[in-house]
Amino acid sequence: MGASDTIRILDGNTFVVSQDTGDIESTPSEPTGLFSIDTRFLSHWVLTVNGERLNALSYDDLQYYEARFFLVPGMATHYIDAKLSVIRERAVGGSFRETLTILNHDEKAVDLEIRMDAGSDFADLFQVKDEIVNKKGEIYTEVEPDRLRLGYRRGNFRRETVISSAGSARYDKNGFTYTVHLEPNGQWDTEIDVQTHAVGPGGRDLRMGLRAHGTERLALQHDLEEWIARAPKVNTEHEQLASTYKRSLIDLAALRFSPLSLGGQALPAAGLPWFMTMFGRDSILTCLQVLPFVPDLSRTTLRILAALQGTRFDDFRDEDPGRILHEMRYGETAAFEEQPHSPYYGSVDATPLFVVLLDEYEKWSGDVALVKELERECRAALRWIDDYADLAGNGYIWYERRNSDTGLENQCWKDSWDSISYRDGTLPPFPRATCEVQGYAYDAKVRAARLAREFWGDPGYADQLEREAAQLKERFNRDFWVEDGEYYALALDPDGRQCGTLSSNIGHLLWSGIVDDGRAEKIADHLVGPRLFSGWGVRTLAEGEVRYNPIGYHNGTIWPFDNSFIAWGLRRYGFAEHAATIANGILDAATFFQGRLPEAFGGYRRELTKFPVEYPTACSPQAWSTGTPLLLLRTMLGLEPHEGHLAVDPMLPMGMGRIEVLDIPGRWGRVDAFARGRLDLQNLGD
């Protein structure tokens with residue numbers, strides 16, 4: 001079953017993935033179920049009427065947190081004149097609730113046995129992803145007069161699923177049954193409530209620390225309406241752009257996640273189904289994408305990541321003092337240290353990006369208090385760049401995992417095992433220094449110099465950071481430049497040899513500002529040239545490279561988030577037409593996904609396919625794909641905070657017509673931006 005065959009609803013860390021009938025039948029190859037805090041609480045949830053399975057007529061994706069299924073008993077060959085119809089309506093919001101409605105369309109009364117089979121394997125999400133569910137504890141079932149309790153215990157680690165119903169259900173160890181008599185044209189309803197519990201040491205339910213947006217649909221609807229009302233309004237003649245923008249806002253609302261024990265603050269979870277948790281890199285980049293539209297996410301993200309910043313040396317977790325986490329998990333494998341994600345720090349880009357986000361957030365918000373509050377953490381992150389990340393002692397950020405069993409080999413954003421290679425396709429030894437991370441380090445030092453000079457009262461430190469940034473830029477442009485290709489190498493190996501493959505990483509160098517001005521045009525031309533640009537977007541790896549594969553995870557697919565930052569960088573260096581080309585391709589692709597861009601899609605040339613080919617296991621929704629249309633909108637309008645006011649320099653791709661963005665929040669109050677055609681500049685002033 002592929003992603004397109006499943007129905008997904010979610011509210012932060014709680015989500016349900018089911019078949020189009022609403023049934024859940026989990027197998028190693030079908031990761032369906034009710035999930036929360038990295039545990040599958042329902043792996044079997046199958047409805048029958050008089051022993052017959054149901055078939056789908058249609059379903060409604062009502063909101064991100066609810067869905068409705070219209071069903072009939074029997075197979076497709078004989079249900080045309082079905083005398084019964086079934087409606088399943090479900091919602092998540094801290095718990096999982098399902099309403100069943102049975103309608104009798106016959107002129108005769110009927111007696112029905114309505115059955116829900118229920119079960120749970122309590123699989124850790126890592127086990128589901130790896131298709132190996134191996135439980136080391138005890139799974140148990142307790143049948144009570146008014147409920148069914150499914151549970152799992154392993155030492156102090158306990159998870160429970162408690163199922164109850166408003167109707168007169170009879171419970172047994174495999175589910176529950178209703179006996180129903182329906183008069184002609186009669187209707188029967190019941191509501192099923194599924195509560196999930198995560199009991200930790202001391203018997204405390206850990207889910208009590210997990211903020212839900214509301215346990216009832218009314219509360220969730222009110223929360224969503226408020227969220228959309230606070231965001232800027234986009235008016236445009238381009239209807240697909242308008243619908244994509246709204247889809248992005250709704251998906252951002254759905255992905256808001258409140259980590260346990262952190263006071264109910266919300267930040268964007270990375271993506272459904274595998275990454276519904278806190279990721280340093282993903283959360284930071286998403287916040288950068290959406291800053292002009294929903295700045296509150298950045299404030300929360302910065303504070304939470306600062307609170308969990310590394311403080312010690314821990315080889316198992318790849319932790320160093322000052323390092324920003326990569327990933328936090330709450331499942332069984334993390335609890336028993338079978339995985340290091342409690343939290344895990346194996347990311348080399350989250351730490352400089354933390355500094356970048358703090359500076360960018362202040363520029364938009366004017367929140368000087370947070371800049372002062374996080375001075376210690378920001379300085380610690382900068383020390384990490386110099387003292388702990390420079391594994392080769394030559395001024396670059398390098399990575400090599402210390403946890404050789406379960407740590408990540410590649411700790412850049414392209415973190416699959418084969419994403420970094422030489423031109424001949426072989427993989428370099430460790431440590432490795434990828435090009436885009438050096439750009440992030442440069443950007444972090446330039447931005448931190450501003451913070452030190454303007455807010456921390458330390459001009460000497462600011463001067464030092466600016467000197468270090470200038471030296472890094474000079475060194476980088478010498479060591480990473482591929483002379484015969486006129487682009488920057490993907491990475492350096494420990495001997496300083498170039499991994500000279502042409503990749504999308506060079507686009508990140510533009511938005512960081514580390515590219516020498518004289519070389520920027522060559523980089524821009526590569527990014528929209530036929531080897532990298534497919535017509536839909538920029539490929540992660542150029543066509544013609546040995547490891548190129550149009551559906552290779554990081555070796556030829558197109559990642560929308562990647563393209564959004566590339567377009568932003570092209571605008572920074574003045575290549576508006578190049579940026580428009582990329583924006584056109586990605587926004588065109590979004591229309592084929594009903595406005596919800598997936599994590600990645602195929603890198604096939606556009607003339608070969610009438611539509612973008614989705615990567616088979618792509619997360620959807622995914623936070624930084626959700627943020628992509630917002631950063632592209634910012635790029636097209638040329639929205640930049642500048643000395644206390646909003647600078648606007650519109651550039652619209654062909655066919656966009658007119659765009660108005662109303663009520664943009666920021667330090668200047670709330671302002672409007674207008675773009676008509678390509679050259680209608682608006683100077684909004686203060």
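- Side-chain atoms of Tyr422 and Asp493 include a donor-acceptor pair closer than 3.5 Å.
- Between Met328 and Leu308 there is a side-chain heavy-atom pair separated by less than 4.5 Å.
- With salt bridges taken as basic N to acidic carboxylate O contacts below 4.0 Å, one links Arg547 and Asp418.
- Not a single donor-acceptor pair under 3.5 Å links the side chain of Ser625 to the backbone N or O of Pro621.
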Please walk me through it: do Tyr573 and Trp568 pass ring pair (Phe, Tyr, Trp, His ring centres under 6.0 Å)? CA-CA 9 Å; Tyr573 276 81; Trp568 191 26; over 10 Å; no

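- Partners of Asp282 under the side chain to side chain contact (heavy atoms under 4.5 Å, CB included) rule, at least two apart in sequence or in another chain, are Ala270, Phe279, Trp624.
- From Thr628, atom OG1 reaches atom CG of Leu587 across 9.5 Å, with rounding to the nearest 0.5 Å.
- At a threshold of 4.5 Å between non-hydrogen side-chain atoms, the residues Leu357 and Leu302 count as touching.
- Between the Thr351 side chain and the Ile324 main chain, a donor and an acceptor come within less than 3.5 Å of each other.
- The heavy-atom pair separating Leu42 from Trp45 by the smallest distance is CD1-CE3, 3.7 Å.
- Under the 3.5 Å distance criterion, the side-chain polar atoms of Ser248 are matched with a main-chain donor or acceptor of Thr626.
- Using a cutoff of 4.0 Å between basic side-chain nitrogens and carboxylate oxygens, Arg329 and Glu327 are scored as salt-bridged.
- Relative ring orientation between Trp559 and Phe561 is described as perpendicular, the plane-to-plane angle rising above 60° on a 0-90° scale split at 30° and 60°.
- The aromatic rings of His554 and Trp413 lie perpendicular to each other, with more than 60° between the two planes, well past the 30° mark.
- Thr21 is linked by a side chain to side chain contact (heavy atoms under 4.5 Å, CB included) to Gln19, Asp23, Ala56, Leu71, counting only residues two or more places apart in sequence or in another chain.
- Residues Tyr487 and His526 place their aromatic rings such that the two centres sit under 6.0 Å apart.
- Note: Ser504 OG to Glu436 CD = 8.5 Å, rounded to the nearest 0.5 Å.
- Heavy-atom neighbours of Glu607 CD from other residues, nucleotides or ligands within 6.0 Å: above the threshold of 12.
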For Phe565 and Leu288: C-alpha separation, side-chain torsions, deciding distance, then whether side chain to side chain contact (heavy atoms under 4.5 Å, CB included) applies. CA-CA 9 Å; Phe565 280 97; Leu288 283 168; 4.2 Å; yes

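- Ring geometry for Phe575 versus His578: interplanar angle over 60°, hence perpendicular rather than tilted (30 to 60°).
- Side chain of Arg8 to main chain of Ser620: a donor-acceptor pair is present (N/O by atom type, distance under 3.5 Å, no hydrogens or angles).
- In summary, Arg531 and Glu543 do not engage in a salt bridge, as defined by a charged side-chain N under 4.0 Å from a carboxylate O.
- For the residue pair Arg40 / Ser26, a side-chain donor-acceptor distance below 3.5 Å is found, with atom types taken as modelled.
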Taking it one step at a time, do Leu34 and Thr14 satisfy side chain to side chain contact (heavy atoms under 4.5 Å, CB included)? CA-CA 8 Å; Leu34 164 64; Thr14 301; 4.2 Å; yes

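- A donor-acceptor contact closer than 3.5 angstrom links the side chains of Asn403 and Thr406.
- The two residues Asn410 and Ser416 make their nearest non-hydrogen contact at ND2-O, 2.8 Å.
- Atom CD of Glu360 sits about 6.0 Å away from atom CG of Leu291, to the nearest 0.5 Å.
- A donor-acceptor distance shorter than 3.5 angstrom exists from the side chain of Thr236 to the backbone of His238, with no hydrogens or angles considered.
- Applying the side chain to side chain contact (heavy atoms under 4.5 Å, CB included) test to Pro612 and every residue at least two apart in sequence or in another chain returns Trp536, Ala589, Phe592, Phe593, Phe601.
- Between Ser421 and Leu490, the closest heavy-atom pair is N-CD2, 4.1 Å.
- Side-chain contact check for Lys414 and Asn505: at least one donor-acceptor pair (N or O, by modelled atom type) lies under 3.5 Å.
- Of the possible donor and acceptor atoms, none in the side chain of Arg606 sits under 3.5 Å from a partner among the backbone N and O of Ser534.
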Please step through side-chain hydrogen bond (donor to acceptor under 3.5 Å, both in side chains) for the pair Tyr548 and Arg539, ending with a clear verdict. CA-CA 9 Å; Tyr548 170 74; Arg539 303 178 178 101; 3.3 Å; yes

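- With hydrogens and angles ignored, the 3.5 Å screen pairs a side-chain donor or acceptor of Arg432 with a backbone N or O of Pro428.
- Annotation for Leu570 and Ala524: closest pair CD2-CB, 3.5 Å, computed over non-hydrogen atoms.
- In this model, a donor atom of one side chain and an acceptor atom of the other lie less than 3.5 Å apart for Arg90 and Ser18.
- Counting heavy atoms from C-beta outward, Met278 and Leu305 have side chains that approach closer than 4.5 Å.
- Applying the ring pair (Phe, Tyr, Trp, His ring centres under 6.0 Å) test to Tyr396 and every residue at least two apart in sequence or in another chain returns Phe480.
- In this structure, the side chain of Thr300 does not engage the main chain of Leu297 through any donor-acceptor pair within 3.5 Å.
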Show the numbers, then the answer: is there a side-chain hydrogen bond (donor to acceptor under 3.5 Å, both in side chains) between Tyr553 and Glu599? CA-CA 10 Å; Tyr553 194 54; Glu599 176 184 24; 2.6 Å; yes

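- Contact annotation: the side chain of Phe35 never approaches that of Leu10 to less than 4.5 Å [non-hydrogen atoms, C-beta and beyond].
- Ser283 and Thr301 get closest at one heavy-atom pair: CB-CG2, 3.9 Å.
- The only option from Asp562, Asn563, Thr244, Ile566 that meets the side-chain contact (heavy atoms from CB on, under 4.5 Å) definition with Ile586 turns out to be Asn563.
- Here the shortest heavy-atom pairing between Arg317 and Pro343 reads CD-O, 3.2 Å.
- Under the side chain to side chain donor-acceptor pair (under 3.5 Å) criterion, Tyr615 pairs with no residue, sequence neighbours left out.
- With hydrogens and angles disregarded, a donor-acceptor distance shorter than 3.5 Å links the side chain of Gln438 to the backbone of Thr434.
- The backbone N or O of Arg68 sits nowhere less than 3.5 Å from a side-chain atom of Asp60 that would complete a donor-acceptor pair.
- At a cut-off of 3.5 Å, with distance as the only test, no side-chain donor of Gln240 or Tyr245 sits close to an acceptor on the other residue.
- Contacts of Arg247 classified as salt bridge (Lys or Arg N to Asp or Glu O under 4.0 Å), with partners at least two apart in sequence or in another chain: Asp251.
- Under 4.0 Å is where a charged nitrogen must lie from a carboxylate oxygen, and between Glu98 and Arg88 at least one such pair does.
- For the pair Arg596 and Glu614, the salt-bridge criterion is not met [side-chain N within less than 4.0 Å of a carboxylate O].
- Between His341 and Tyr330, the distance separating the two ring centers is not shorter than 6.0 angstrom.
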